[in-house]
Structures are given as structure tokens and as C-alpha cells.
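Here is the structure we will look at.
Chain identifiers are assigned alphabetically (A, B, ...) following the order of the sequence lines, protein sequences preceding nucleic acid strands; residue numbering begins at 1 within each chain.
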Number of protein chains: 2
Amino acid sequence: MTNDKDEIPCPMELAIQLINKKWVIQIIRDMFFGKTHFSEFKEDKPGLSNKVLSGCLKNLEENGLIEKNISDIDGVVDISYNLTDHGRALNKVIYELAMYTLNEDINNKIYDDEQKKEIGEYFRDKLNIDDN
Amino acid sequence: MTNDKDEIPCPMELAIQLINKKWVIQIIRDMFFGKTHFSEFKEDKPGLSNKVLSGCLKNLEENGLIEKNISDIDGVVDISYNLTDHGRALNKVIYELAMYTLNEDINNKIYDDEQKKEIGEYFRDKLNIDDN
DNA sequence: CGGGATCCGGATGGATACTG
DNA sequence: CAGTATCCATCCGGATCCCG
């Protein structure tokens, strides 16, 4: 399953292929945090061009992680993106990535204790992680 | 903390920066699975060139995720790489990545139930994940 | 507003050859 | 065995302009 010469692919590698592109995870995180529109994904991401963003969204859609919704109400077209179940299943991965940074910030060089607590709660809330 | 205009960096992004390079996670996984030598990391990775691998290792060392050990016993030089505590703390991230693929393989298109069980156990063992 | 088309420069990756 | 040195291709990102 791992790196031996058998034919069984490594499940970690398959997962990585889905998200191992510069902006992809951040976009997915944005969606967990409530963003749905093209222009919203561009906020706070200087350096993310239209071309790259639309490429990412197309890519995510092809991989079944998000879905594109087009509504046309009285001629007002609204395009939004939402996570699919398949995309939402990445919540634990995203959570562990965030926890890694928080836990490894041993001497509070980045966050103080209060911030760590708040951030942890925020992620658990938005990512629907049940505390243990 | 997240994507708002405040100064607190997103912890997920910081974690991603460490591992968001093509071969880095696979190398870390290899180390969890027992590999320690340059030539071992190249096994089963056609397309990973010496230059890229040595760049990755250097990068990982600079980020404090691995450490390089040189032993010279009777003129026989042995260079090995090992995870640091900081690197080992990525175990849950790797685990959740693997679990994602296993869990989302709903119709057993990739793995059968037996394989999923074995792979899960293997990862938990090597990554030192305590079952719940 | 949500993109597609084009152009361009720099970073990156891979192959190969070579070295201690 | 563990790299370094070169060379080359390509990809990718960013800017800009354009379109419905």
C-alpha cells in the first residue's frame, strides 16, 4: 500500500493530488468559512489572478470537491460555489493542518494562548469537528 | 485569524507552506515508514531526480522537520535522515490524508474492505496514532 | 461580476553526466 | 552512495485586456 512494489496506491498520495496546488486548500478553507463567490475568494489573496482562480475552481469541480451553481432570477445571474460532501470530507485534514501550527508554536511566537483557544474553537465550529 | 483583514496569520496556511511541495509529504511519509537514506527515498519515485530530492531534503532540514546525521565508522561514511519532533508532529495530518481517501472510496473502487482495514492499521502503527 | 485569451518571465522539474 | 553541475523544457503565475 505504501511505497513497496505492489500495485496498491498509497491513499495519502491520492489525497495529496487533490489539494497539492498552491491555492486549492485556501479556497476550500474559504468555503468552509462561508465564502461562495469568485470575488470573495480573491479577497486577501493578492497574487491570485483571475486565470489561476478560475483554473482552480474548474479543477476542484472536476475532482468533485465543489459544485458550481448558477441562478438566474429576473435576469440577474448569480454564480456561486459550494463544497460537495466529498469536499466537506476534507474537514479533518484542514483541521489537523491548523492544529499542527498551533501545537508546534510552543513558545507562543506566533499566537498567544488566548488566540490559540479562539482559533481552535473557530476551526472546530466552521469545520464541524466534534471535540473529544 | 482566517482571511479577514487582521494581522493574525491563518495556521493552516503556515502548515501548508511547509509541505506544499510536490515530493515533500511523500518523503516525510517514507521516513515514518522507516526510510532514512537518500537512495531509499528515490525508490518507487521515478521522476524524482537527485537535484530535486536533495533540494527537498535541504528544505526539510531548514524548516526543522528532519535532521541529517553523518556517521563515520572506520572511514565508512553513512548519511541518514530522521524526523525531528517537529516533523513527527505531522503524523495526524498524514493520517487524515490517508483516511480521507479510504473513507471517500465509498464503493470500494480503489480498495476492498480487507485492504482498507490493513492500510488503516499500518498507518496507525507507523504514525503512532492511538485508535479511539 | 465571472470569467476567457493572450503574453511573458521566472521558477521548477527532470534527465544526464560527473564527483568524492 | 550522496550528492553537485548543467542544460533544457515546462509549467505557472501575474498582468492586462476583453467579453457577456
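- Put simply, NZ on A:Lys22 is 16 Å from C1' on C:dG13, counting in whole angstrom units.
- Comparing atom distances between the B:Ser49 side chain and each of C:dG13, C:dG2, C:dA15 picks out C:dA15 as nearest.
- Note: CG (B:Asn59) to C1' (C:dA11) measures 14 Å, nearest angstrom.
- A sub-4.0 Å separation between OP1 or OP2 of C:dT12 and a side-chain N or O of B:Trp23 is absent.
- Computed from coordinates, the B:Phe41 CZ to D:dC1 P distance equals 14 Å when rounded to whole Å.
- Rounded to an integer number of Å, the gap from B:Asp72 CG to D:dC1 P is 17 Å.
- Under 4.0 angstrom from either OP1 or OP2 of D:dT4 there lies at least one side-chain N or O belonging to B:Lys58.
- Among the nucleotides D:dA2, D:dC17, C:dG14, the one closest to any side-chain atom of A:Asn50 is D:dC17.
- Among all heavy-atom pairs drawn from B:Arg88 and B:Phe32, the shortest one is O-CZ, 3.4 Å.
- Shortest non-hydrogen contact noted between B:Lys116 and B:Asn108 is NZ-OD1, 2.7 Å.
- Across all strands shown, A:Lys21 has no heavy atoms under 4.0 Å from either base or sugar-phosphate atoms.
- Comparing D:dT4, D:dA2, C:dG2 by their closest approach to the side chain of B:Ser39 singles out D:dA2.
- B:His86 and A:Tyr100 have parallel rings, their planes meeting at less than 30° on a 0 to 90° scale where 60° marks the start of perpendicular.
- In plain terms, the two heavy atoms of B:Pro9 and A:Ile110 that are nearest each other are CG-CG2, 3.9 Å.
- Note: CG (B:Asn69) to C1' (D:dC1) measures 16 Å, nearest angstrom.
- In this structure, A:Lys45 places its NZ atom 16 Å from C1' of D:dG13, rounding to the nearest Å.
- Closest non-hydrogen pair, B:Val93 versus A:Glu96, comes out as CG2-O, 3.6 Å.
- One can find a donor-acceptor pair under 3.5 Å joining the base of C:dG14 and the side-chain atoms of B:Lys51.
- When heavy atoms are screened at a 4.0 angstrom cut-off, A:Lys42 is found touching no nucleic acid atom at all.
- In this structure, A:Lys68 atom NZ and C:dG2 atom P are separated by 10 Å, rounded to whole Å.
- For D:dA2, neither phosphate oxygen OP1 nor OP2 lies less than 4.0 angstrom from any side-chain nitrogen or oxygen of B:Ser54.
- A straight line from CD of B:Glu40 to C1' of D:dA2 spans 13 Å, rounded to a whole angstrom.
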